[in-house]
Amino acid sequence: MEKSCTLVIHFDKGTPTIANKIKETLEGNDVSAKIDALKKAIMLLLNGKIISQLFITIEMTLIYQSLLNNLNHPIEYIRGVTLRFLCRLKETEVIEPLIPAVLSNLEHRHPFVRRNAILALLDNALDWIEKLLSTEQDLSAKQNIFLMLFTSAQDREVNYLFTDIDRINDWGELLRMVVLELITSTTIRATANTYCRLLLSQRDNNVKLIVLDRLNELKSSHREIMVDIIMDILRALSSPNLDIRRKTLDIALELITPRNIDEVILALKKEVVKTQGAELEKNGEYRQMLVQAIHSCAIKFPEVASTVVHLLMDFLGDNNVASAIDVVVFVREIIETNPKLRISIVTRLLDTFYQIRAARVCSCALWIIGEYCLSLSEVESGVATIKQCLGELHFYTPAVEREGQDTSKSSQQVNSMTISPRRPAILRDGTYATQTCTLSKLVLRLEEVQSSKAEVNKANAQSLLIMVSMLKLEQSSFLPQPIDNNSYDRIVLRIRLLYNTGNEEIKAKAQISHAQPDDLIDFYHVKSRKGMSQLELEDEVQDDLKRATGEFMKDGDDANKLNRILQLTGFSDPVYAEAYVTVHHYDIVLDVTVINRTKDTLQNLCLELATMGDLKLVERPQNYTLAPESSKQIRANIKVSSTETGVIFGNIVYETSNVLERNVVVLNDIHIDIMDYISPATCADVAFRTMWAEFEWENKVAVNTVIQGEKDFLNHIIKSTNMKCLTPLSALEGECGFLAANLYAKSIFGEDALVNVSVEKQADGKLSGYIRIRSKTQGIALSLGDKITLKQKGGSI
């Protein structure tokens, strides 16, 4: 005994297996044997026997007995609450021994007990429940019976409803509501199944599209029913029509649940495999839709990503560039959010890298390689893969260029130099900088994971040779498209970085800080505004932004200032006025200089302004007194809410001491230039075409110019409208007498301006054609059209 005791009860502990026998007895159905077994367990505990394996069994026995006692309790409330508690239990081993007691409560005299006993049984006693349906008189209990049958056995509920349909008017409102819900649910389910059958039986695509619209409506109001038929809906993907497939996927993606996600992913994977084998016209677009659908599924349920990512990586070299881009973006997201898959994804990417054809896909894949190749083997494999795909060095030698006078021979030599046995070395549309960036990343990481200094130096030298060869190739005439300035600068930067990799002195200089942690940082948003107006603060911020972007206007640039001064009145008017217009992003400031040219004192002089368009005056006009031959500076603030050519007009009103009537001087109108609010911008070709199709406002301007060169006219329009040409320069080269180009700009309010220039050179040397402008709002289309009409003839800009 470990503790002192005044009473010792002798008990023969018996064999070591006595605890197992007690456990078996407690789990049995003999009540008297259980009592004896429990006494033995207590005696064993009193004699210091450790029987931890019996604690759970004893505890469950006590819980079971407590529940059994409550189910047979004379108080109805305790019975009902216990039955309600059993409704929340999911463990069948706990509920099964109590089923006889629950069944006995079905015949209890109190309806509260019977109602909860019905819910506690669920589908454990459907025969009992069905018999009780014909004898139960309490409406609440009968309602629970219908709810249970509605959940577990709708066929039995329907059979009872048909046999007792004549007495349905005598049922209470609660029971009739349950019946109505049953009828509605059954009808909706039958309707949905009928629609699914129509999707497969009908050959008319218009009928299928209408059926899909109806299924989409059902999904909005009865999603729980539609979830059960998601696989039937996905069978519509067998149709070759892309619109049907797109609608089917849209519906299915909103019906995905943890219960059906595996089946949906399996079906989508099968469809992806089908697109790989068949050679249909629009296979690429369909594959892109499938990739986007799988991507959405992986975002909602990340656990399925591992089952699809390796399959989709086979399509990195897809001829459909949009589909391949969706795949590589999906791979990039999965490798970031699933660290366990990084090694396998990197290995798979290195194996399939040679299949990539598109530059954007190659850039993203190279970024993944440079970012997630961490171990020594991965870094070495990444460097080897890039070198193998680049091909043999050197890419270009002067001797080859001298021998390349013959065009066919030169073309053949270019192919031999820039194409490796597996894949093109340097893509035409620009992955030069990305390749060098990835190489430098891998070499710098190799320095951390590789213990051999010689191997690091070797990889460094080979990478430098590759970069120098790229720059040398850029100087040749072989490339159809030269390296852009940005890529050239980045390659040079990488060369300098790798060249100074082992220079300890440079590393030491890099550690020198150019700013201290406690240096003062001036935040304009929290700066004290005492003594400064809000406009002055905004001007200060704008000035800093202009200095940073190189657009700050120097004080000596008086010519630009003079262009902003507008004469508002004539020289013969008694009051002369001129305005200096300052255009900010969201407001216009008019600094109006008013000069009294008379010998009288002008009283109650007021500058009254009005606006046309989306312009709004901020301040009310004030009255001033102006002495003879004196001047006054008046500032007016006008807010701008959209990109539209606005007009500011008004007059100056004043009184003199000799004349009691008010005098009015009408001011010249001030036209706000749309060019102050739009700036060049870029967008993808797909986005441009989408906006061109969606925007409803179009302004068509006929070409009327004295300029005779197509490119000169295009450059003139670009400069006049402050827009960006989206058409590549390579597409504008050559002389064919025809030119078509897309221009794009974006306003400070987020509005898009699309312009298409189509011109043709006539036999007499003049240009003809049209300039089409599209935008989401009418104002920007009309204003831009007026600007082009005014400037297209080739006048001063």
Side-chain angles (χ1 to χ4, degrees), residues 209 213 216 242-243 246-247 250 282 285 288-289 292 320-322 325-326 360 583 585-586 612-616 639-647 671-705 710 713-729 731-732 738-760 767-792:
L209 290 173
D213 289 336
N216 192 32
L242 284 181
D243 293 331
R246 184 179 292 106
K247 279 195 174 184
D250 291 340
K282 297 184 178 180
E285 296 183 36
Q288 182 185 2
M289 288 191 292
Q292 293 173 349
N320 187 303
V321 178
I325 291 175
D326 288 336
R360 292 178 60 188
V583 179
H585 278 184
Y586 299 100
M612 180 183 297
D614 290 334
L615 304 177
K616 183 180 179 181
K639 290 294 180 182
V640 185
S641 57
S642 70
T643 308
E644 184 176 350
T645 299
V647 180
H671 294 268
I672 304 304
D673 193 353
I674 189 178
M675 295 299 103
D676 293 326
Y677 300 103
I678 67 172
S679 58
T682 58
C683 69
D685 292 339
V686 176
F688 187 91
R689 289 194 295 269
T690 302
M691 289 188 290
W692 187 269
E694 293 177 353
F695 290 172
E696 57 184 359
W697 291 104
E698 177 175 310
N699 190 1
K700 191 174 182 180
V701 179
V703 174
N704 183 14
T705 180
E710 302 98 323
F713 178 73
L714 176 63
N715 294 331
H716 178 73
I717 293 297
I718 293 173
K719 188 176 181 181
S720 302
T721 58
N722 199 23
M723 303 191 78
K724 173 77 173 180
C725 182
L726 300 183
T727 305
L729 295 178
L732 301 175
F738 178 80
L739 183 143
N742 294 330
L743 311 182
Y744 178 69
K746 202 175 187 69
S747 73
I748 61 174
F749 305 100
E751 300 167 319
D752 300 289
L754 312 179
V755 174
N756 175 261
V757 181
S758 297
V759 293
E760 182 180 7
L767 297 181
S768 65
Y770 292 95
I771 302 173
R772 300 169 64 191
I773 308 158
R774 286 196 182 184
S775 66
K776 198 171 185 179
T777 58
Q778 181 184 17
I780 192 171
L782 295 178
S783 302
L784 200 54
D786 295 340
K787 185 71 175 179
I788 292 176
T789 302
L790 181 64
K791 296 291 185 179
Q792 70 166 323

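Model, not experiment: these values are computed from the prediction. Numbering of residues begins at 1 and proceeds along the displayed sequence.
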> Is any side-chain heavy atom of C683 less than 4.5 Å from a side-chain heavy atom of F688?
Replying inline: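 Yes. Closest side-chain heavy atoms under 4.5 Å.
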> What distance do M289 atom CE and D326 atom CG have between them, rounded to the nearest 0.5 Å?
Replying inline: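 Reported to 0.5 Å precision, the distance equals 11.5 Å.
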>> Between T682 and Y744, does the side-chain contact (heavy atoms from CB on, under 4.5 Å) criterion hold? Intermediate values first, please.
In response: CA-CA 7 Å; T682 58; Y744 178 69; 5.5 Å; no
> Do F713 and V703 have side chains that get closer than 4.5 Å, going by heavy atoms?
Replying inline: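 In contact.
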>> I'd like to check I718 versus L743 (side-chain heavy atoms, cut-off strictly below 4.5 Å). Are they in contact?
In response: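 Yes; the side chains approach each other to less than 4.5 Å.
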> Within the side chain of N722, is there an N or O that forms a donor-acceptor pair under 3.5 Å with the backbone of I678?
Replying inline: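 Checked: pair present.
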> Can you tell me how far the CD atom of E694 sits from the NZ atom of K776, to the nearest 0.5 Å?
Replying inline: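 So the gap between those two atoms works out to 8.0 Å.
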> Do I788 and I717 come within less than 4.5 Å of each other through their side chains, counting heavy atoms only?
Replying inline: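 Of all side-chain heavy-atom pairs linking I717 with I788, at least one is under 4.5 Å.
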>> Regarding K247 and D250, does a basic nitrogen lie under 4.0 Å from an acidic carboxylate oxygen?
In response: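 Result for this pair is no, no salt bridge flagged.
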> Side-chain contact, heavy-atom cut-off 4.5 Å: F738 with V759?
Replying inline: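 No; the side chains remain at least 4.5 Å from each other.
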>> I'd like to know whether F695 forms a side-chain contact (heavy atoms from CB on, under 4.5 Å) with D752, so could you lay out the CA-CA distance, the side-chain angles of the two residues, the decisive distance to 0.1 Å, and finally the verdict.
In response: CA-CA 10 Å; F695 290 172; D752 300 289; 3.8 Å; yes
> Between atom CG of N715 and atom CD of E710, what is the distance when rounded to the nearest 0.5 Å?
Replying inline: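 The CD atom of E710 is 11.5 Å from CG of N715, to the nearest 0.5 Å.
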> Any salt bridge between R772 and E698, counting N to O under 4.0 Å?
Replying inline: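 Here R772 pairs with E698 in a salt bridge, since their nearest N and O are under 4.0 Å apart.
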>> Using modelled atom types and a 3.5 Å cut-off, is there a donor and acceptor pairing between side-chain atoms of T727 and backbone atoms of N742?
In response: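 Looks like yes, one N/O pair under 3.5 Å.
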> Could you give the distance from CD (Q288) to CD1 (I325), rounded to the nearest 0.5 Å?
Replying inline: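 Here the rounded value is 8.5 Å.
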>> Tell me the closest heavy-atom pair linking W692 and N756, and the distance in Å.
In response: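 Closest approach of W692 to N756: CH2-CB, 3.7 Å.
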> Looking only at heavy atoms, what is the nearest atom pair of C725 and L732, with distance?
Replying inline: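 Between these two residues, the closest heavy atoms are SG-CD1, 4.2 Å.
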> When rounded to the nearest 0.5 angstrom, what distance separates NZ in K724 from NZ in K746?
Replying inline: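 That separation rounds to 15.5 Å.
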> Going by heavy atoms in the side chains, are L784 and S775 under 4.5 Å from each other?
Replying inline: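 Not in contact.
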> Quick check: does any side chain N or O of N699 sit under 3.5 Å from a backbone N or O of A781, one acting as donor and the other as acceptor?
Replying inline: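 Such a contact is found between N699 side chain and A781 backbone.
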> Looking at OG of S783 and CD of Q778, how far apart are the two atoms once the value is rounded to the nearest 0.5 Å?
Replying inline: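 Here the rounded value is 9.5 Å.
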> Taking side chain as C-beta onward, heavy atoms only, is W697 less than 4.5 Å from I780?
Replying inline: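 Counting from C-beta outward, W697 and I780 never come under 4.5 Å.
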